[in-house]
Amino acid sequence: MSATTEKPDVRPAQADVLIVGNGALGLFLARELSAAGAGSIVVVGPADRSSGGSQAAGAMMGCFAEATSESLRTQPARTRFELGVAAHERWPAVLAALQEHAPGGRPLLTAPETHVVLNSIGAELDNVNLAAIINALTEYGKPWQECDPHDIPGFNPRTDTRALRAILLPEEGAVDARAVLTALQSDLQASGVTLLDASVRTLLGDSDSVTGAELDDGHVIEAGKVVVAAGALSDSVLKTLIPDLDLVPTFAGLGFAMIARRTGGEPFRSVVRTPNRGFACGLHVVPQGDGTEYYGATNRLVDEVGSTTWMADVRFLAQYSMQQLDERAASHEVVRWLAGNRPVTLDGFPLIGWLPRAGLYLMSGTYRDGFHCAPLLAAHVANELQGKPGLIDPIFQPTRRPVATRTVEGSIQEYVEHNLAGWFETGAQAAPQMTTKQIADYYRNMATQFYERVGTDYALGPDILWYAQGSLLGGRRVARYLRRLQPAAAGAGAL
């Protein structure tokens, strides 16, 4: 029997708080509520978390290494960015408290620092976002320094993708996401929190309030409060109770990674990554502390949540890890494949707050920041569930209008820049006489035609625009929402 599974005849029929979702958000929230003495707590979620984002996370503590030219350009974007900055400050205490529950006693912190490299295979977006990282570090008074790429332990790219520049962020490292989840489970079990290896079939309640949930095997748990923290599945769970719930749409962002055992050469001792590019968080390697290394980079918005990935993504990650990070990686032994779905909102902002049923709360939409921000968001939600003041800006309320942070022209330009980054990184071929401007014009025309066809003045992020362009189902879903939005002012934030 799984250590996280209760026997069927002792499963609780009632709880003061029922948390739907056992990823980082759900487990950290249960920990906060337990510490606050908030009554009986039940967490429901499949033990294998096969499609969840937390179990596949690289868990880089990189709020500044993730900075882009958009991060501080508007006040709403700055508010979102500062959520990560505030969360970062909580991790030392969290790791110190959880270390005693770490599997095998291994350190949960696997990398103490991060190197961001500007290499020769990217496009102009790499330069732009590296400058944004440095500007953000400088503005917030965080340490960083230029370094020689040749001095980065483990870093051994091919000559044609060599780094032209590198910076060191000494206060941003990474944790072992899977070990942290295991440590959280052990901590919660010791605290009397019930963890159920199950899925929720439907939420229960009426037009006024939520009363609990029915599990996939028919077992019913009554609860005074229900928190839905099921990542990319949160929307489908909520609609079992409120079919017409009108929220900012959430899409599944499928990411693929692999953990490889090093077979030779100097190991990586820090996170090594490129700036954000190509609709994703950049190519990266994260030491895992046991002779293995985590390689990641991919992000693909998909129509449905799943736990499989494309052969193209496997090839992309393997080939470009060998080229851009370490030529020796070709001989490393892959010991684990990871695929997980991130909850990606149409406006790129989290969905955190009460819903229009008494006792029902949503904690989702965190995209790539869920694991990093989990300790802070958990403290905030625990406060709100207990009637105490929250800790974060109300801009993240789930029943909001979509937050606006860019113009349509800015959206189109950003889409072009990400496509060019992907074009040159993957070595896409064009006619010899075709210029970079002509390639850019091709993507610019595609994006312009989308906006003209939909007839909206709400500007999308590059990843959502890419999805709307590439998926018939996704394009229709985005277009329907934007057309429904048109009569009202689109946006809670100033451009």
Would you please name every residue forming a side chain to side chain contact (heavy atoms under 4.5 Å, CB included) with [X], sequence neighbours left out?
| X | answer |
| --- | --- |
| Leu391 | Arg90, Leu376, Ala379, His380, Asn383 |
| Ala136 | Phe64, Ala67, Leu72, Phe81 |
| Ser364 | Ser234, Pro343, Leu362 |

Inset, instruction - Taking the six-membered ring for Trp and the single ring otherwise, decide whether the centroids of Phe268 and Phe155 are under 6.0 Å apart. - result: no
Legend entry - Ring centroid separation Phe28 to Trp91 under 6.0 Å: yes
Inset, instruction - Kindly confirm or rule out a cation-pi arrangement of Arg80 over Phe349, judged by NZ or CZ under 6.0 Å from the six-membered ring centre and within 45° of its axis? - result: yes
Legend entry - Neighbour count >12 (heavy atoms, 6.0 Å) for atom CD, Glu304: no
Inset, instruction - Give a yes or no answer on whether the side chain of Asn22 reaches the backbone of Pro46 with a donor-acceptor pair at less than 3.5 Å. - result: yes
With a 4.5 Å heavy-atom cut-off, do [X] and [Y] have their side chains touching?
| X | Y | answer |
| --- | --- | --- |
| Ser69 | Asn129 | yes |
| Val271 | Val285 | no |
| Arg165 | Leu130 | yes |

Legend entry - Closest contact, heavy atoms only, Arg201 versus Thr240: O-CG2, 3.6 Å
Inset, instruction - Locate the shortest heavy-atom distance separating Asp463 from Leu301; write the atom from each residue and the value. - result: O-CD2, 4.0 Å
Inset, instruction - For the residue pair Phe251 and Tyr467, categorise the inter-ring angle as parallel (less than 30°), tilted (30 to 60°) or perpendicular (more than 60°). - result: perpendicular
Inset, instruction - For the pair Phe256 and Trp337, name the ring-plane relationship: parallel under 30°, tilted 30 to 60°, perpendicular over 60°. - result: parallel
Inset, instruction - Would you check, one step at a time, whether the test side chain to side chain donor-acceptor pair (under 3.5 Å) holds for Glu384 with Tyr361? - result: CA-CA 9 Å; Glu384 295 221 310; Tyr361 198 101; 2.8 Å; yes
Legend entry - Point-to-point distance, once rounded to the nearest 0.5 Å, from CD of Gln288 to CZ of Arg261: 11.0 Å
